[in-house]
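All heavy atoms count here, side chains included; hydrogens, waters and symmetry mates do not.
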Amino acid sequence: MDDVNILIVDDELDMRTGLQRVLNRKMPHIQVTICGNGLEALNALQDTSFSLALLDIKMEGMSGLELLAELRMCDPWLTVIMMTGYGTIEMAVEAIRTGAYDFISK
């Protein structure tokens, strides 16, 4: 089986560690990397190839949409799912247009 690496980027520590814990429990064969901001995520992408990225939209510094655009340039085949607690239809449409596979509410 190929290595499956998932990237979780969220500025809320509880959210990213909670997602990591659930994914590791349900799918122990995957590797989960967590980052607290966009710059950490871009650095992680230099060292690891990811199969899936879960990105929070609202983060300090680089937003999730800005990070999505950067990830698209680094790895156009990466599947990205945007997450937010403050979603709007407009935000979802913009995320999909920027290249997100899906948009979900936390």
Roughly how far apart are [X] [atom1] and [Y] [atom2], rounded to 0.5 Å?
X	Y	atom1	atom2	answer
T79	L54	OG1	CG	10.5 Å
I34	I8	CD1	CD1	7.0 Å
I57	E66	CD1	CD	11.5 Å
S49	L78	OG	CG	8.0 Å
L52	L23	CG	CG	8.5 Å
I6	L19	CD1	CG	10.0 Å

Testing the basics here: between [X] and [Y], what is the closest heavy-atom pair and its distance to 0.1 Å?
X	Y	value
C35	L7	SG-CD1, 3.8 Å
F103	I96	N-CD1, 4.5 Å
L45	C74	CD2-CB, 3.3 Å
T98	R72	O-CG, 3.7 Å
L67	M59	CD2-CE, 4.3 Å

Heavy-atom side-chain proximity of M62 to N37 below 4.5 angstrom: no

T33 side chain near N5 side chain, heavy-atom distance below 4.5 Å: no

Any chain of hydrophobic side-chain contacts (each under 4.5 Å) joining [X] to [Y]?
X	Y	result
L55	I30	no
M15	I104	yes
V9	V32	no
L65	L39	yes

Would you list the atom pairs, donor with acceptor, under 3.5 Å between side chains in residues 80-90 and any protein atom, with sequence neighbours excluded?
unit_1 : atom_1 : unit_2 : atom_2 : d
T84    : OG1    : Y86    : N      : 3.0
T88    : OG1    : M91    : N      : 3.0

side-chain hydrogen bond (donor to acceptor under 3.5 Å, both in side chains) contacts touching residues 17-27 (sequence neighbours left out): none

Results of side-chain hydrogen bond (donor to acceptor under 3.5 Å, both in side chains) for K106 - residues two or more places apart only: D10, D56

